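Below is one structure, written out as structure tokens, with a few remarks after it.
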Amino acid sequence: MNEAAHDWIPARNEIVRNAASIGIAVAMYGVSFGALGTTTGLTIPQTMALSLLMFTGASQFTLVSTLASGGTALTAVVASWLMGTRNAAYSMRMTPILKAKGPGRLVAVQLTIDESTAMGLAQDEAAFEGRASRLAFWATGLSVYLLWNLATFIGAISVSSIGDPKSFGLDAAIAAGLFALVWPQIKSRIDLSVALGGALIALALTPFVSPGVPVLAAAIVSIIVGWVTGKQLS
Amino acid sequence: MWFAVLAGAIGCYALKYVGSAIPEHYLEQPIVKRIVMLLPIALLSALVAVQTFANSQALVVDARVPALVAATVALRFKAPFILVVLTAAICAAALRYFGLAV
């Protein structure tokens, strides 16, 4: 017991550190989102409402840029839902791990996004009786929620932006961060084939369908491979 | 605009909620269990690919690609998470600063 507690402290510190760094990287995009929201005609409260209530970056950017490019409100809403569909798959996977009850569960649902799910699943699910996975999800979700909203506010009230996040290499940093979190989840050849298959389908579809659909379409790979390998088990 | 903001937000929360509301015994079936286990791997890998190669609907090779290669090298050497992320950021930022890539 003492030994387990002894191992837990460095593991816990590393998870919290990583969660904070994900929050900081994502927050730089939050400033861009805030600025985009108010420069494309949303009020400051409307821009803030998106970060506080919608809280899923890809959907937020999609909604605002669809409105900005002259799309109707309905088109913008449906496009944001399409982007958010993958979160349903994430919460399906995370709910049995988190075991949250009551109001905690409703908060966990809101915090279920790419980053929190990837961090939660990057941990060994059995480690410290699941505490590592749960802490990784909660710490990342809360860190991103707080910093994303703070950043949105800063971006929304300041007319001049802090500069293009790309010049700091942040687009590559976020892709690399997610990549580093997918990496430990690939434990078998089947996992690897699902990862590569999903990536290839998404890239193959990118030129032909609207953004958001390629990532969602990658689910087909996991359905086919899951069906075939699940049948062998049963 | 409040309609778009609120309808979008409610729908996105509902989507997150739907996944958590599926009864556990249903998710325990072997085929469903396998699919749910593999779903985030497929979706997150697809997301990484799109974030590395896509510029809206165009596929491009820009500073992100060498940055991801550098991050992969760091991962192979079992570098800590923060170092992997910083490697990619510095690589992409430097290539852009010196005008070697967009």
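This structure is a prediction, so every number in the text was calculated from the model and none was measured. In the text below, chain A, chain B and the rest are named by the order of the sequence lines, each starting its count at 1.
- Heavy atoms of Ala21(B) lying under 4.5 Å from chain A belong to its backbone as well as its side chain.
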- Query: side-chain contact (heavy atoms from CB on, under 4.5 Å) between Arg34(B) and Ile190(A): does it pass, once the steps are laid out?
  - Reply: CA-CA 11 Å; Arg34(B) 279 299 289 165; Ile190(A) 292 171; 3.5 Å; yes
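- With a threshold of 4.5 angstrom between heavy atoms, Ser91(A) approaches chain B through its backbone and through its side chain.
- Here the side chain of Lys16(B) pairs a donor or acceptor atom with the backbone of Gln110(A) at under 3.5 angstrom.
- There is no contact between Val64(A) and chain B, counting heavy-atom distances below 4.5 Å.
- More than 12 heavy atoms of other residues, nucleotides or ligands lie within 6.0 Å of CH2 in Trp2(B), so this atom counts as buried by the packing criterion.
- Heavy atoms closer than 4.5 Å to chain B are found in both the backbone and the side chain of Thr206(A).
- When heavy atoms are compared at a cutoff of 4.5 Å, Leu178(A) approaches chain B by way of both its backbone and its side chain.
- Using a 4.5 Å heavy-atom cutoff, the side chains of Arg64(B) and Asp171(A) are in contact.
- Only the side chain of Ile22(B) comes within less than 4.5 Å of a heavy atom of chain A; its backbone N, CA, C and O stay farther away.
- Environment of CE in Met92(A): crowded, with over 12 heavy atoms of neighbouring residues, nucleotides or ligands closer than 6.0 Å.
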- Query: How far apart are the C-alpha atoms of Val215(A) and Leu47(B), what are their side-chain angles, what is the distance that settles it, and do they pass the side-chain contact (heavy atoms from CB on, under 4.5 Å) test?
  - Reply: CA-CA 6 Å; Val215(A) 171; Leu47(B) 189 61; 4.1 Å; yes
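- Within the 4.5 angstrom heavy-atom criterion, only side-chain atoms of Ser59(A), from C-beta onward, approach chain B.
- Heavy-atom distances place the side chain of Leu67(A), and not its backbone, under 4.5 Å from chain B.
- Only the backbone of Phe208(A) comes within less than 4.5 Å of a heavy atom in chain B; its side chain stays farther off.
- Both the backbone and the side chain of Val194(A) come within less than 4.5 Å of a heavy atom in chain B.
- In this structure, the portion of Leu63(A) lying under 4.5 Å from any heavy atom of chain B is its side chain and not its backbone.
- Contact check for Ser222(A) versus Ile41(B): no side-chain heavy atoms found under the 4.5 Å cut-off.
- Put simply, the side chain of Gln57(B) reaches to within 4.5 Å of the side chain of Pro211(A), judged on heavy atoms.
- The side-chain heavy atoms of Val84(B) and Phe179(A), taken from C-beta on, include no pair separated by under 4.5 Å.
- A donor atom on one side chain and an acceptor atom on the other are found under 3.5 Å apart for Ser20(B) and Arg105(A).
- At a heavy-atom separation below 4.5 angstrom, chain A is approached by Val5(B), Leu6(B), Ala7(B), Gly8(B), Ala9(B), Gly11(B), Cys12(B), Tyr13(B) within residues 5-13 of chain B.
- For the pair Ile223(A)/Ile35(B), a side-chain contact is recorded, criterion being any heavy-atom separation below 4.5 Å from C-beta on.
- Residues of residues 75-83 of chain B placed with any heavy atom under 4.5 Å of a heavy atom in chain A are listed by number as Leu75(B), Arg76(B), Phe81(B), Ile82(B).
- Ala71(B) touches chain A through its side chain: at least one heavy atom from C-beta onward sits under 4.5 Å away, while N, CA, C and O do not.
- Counting heavy atoms from C-beta outward, Tyr17(B) and Leu106(A) have side chains that approach closer than 4.5 Å.
- Under the 3.5 Å distance criterion, the side-chain polar atoms of Arg86(A) are left unmatched by any main-chain donor or acceptor of Leu43(B).
- The minimum heavy-atom distance between Ala175(A) and Thr52(B), with the atom names listed, is CB-OG1, 4.0 Å.
- Using a 4.5 Å cut-off between heavy atoms, Ala76(A) does not touch chain B at all.
- Both the backbone and the side chain of Leu53(A) come within contact range of chain B, judged by heavy atoms closer than 4.5 Å.
- Contacts between Ile113(A) and chain B at a heavy-atom distance below 4.5 Å involve the side chain alone, from C-beta outward.
- The contact between Trp183(A) and chain B is made entirely by side chain atoms (from C-beta outward), counting heavy-atom distances below 4.5 Å.
- Here the side chains of Leu44(B) and Leu181(A) are not in contact, with every heavy-atom distance at 4.5 Å or above.
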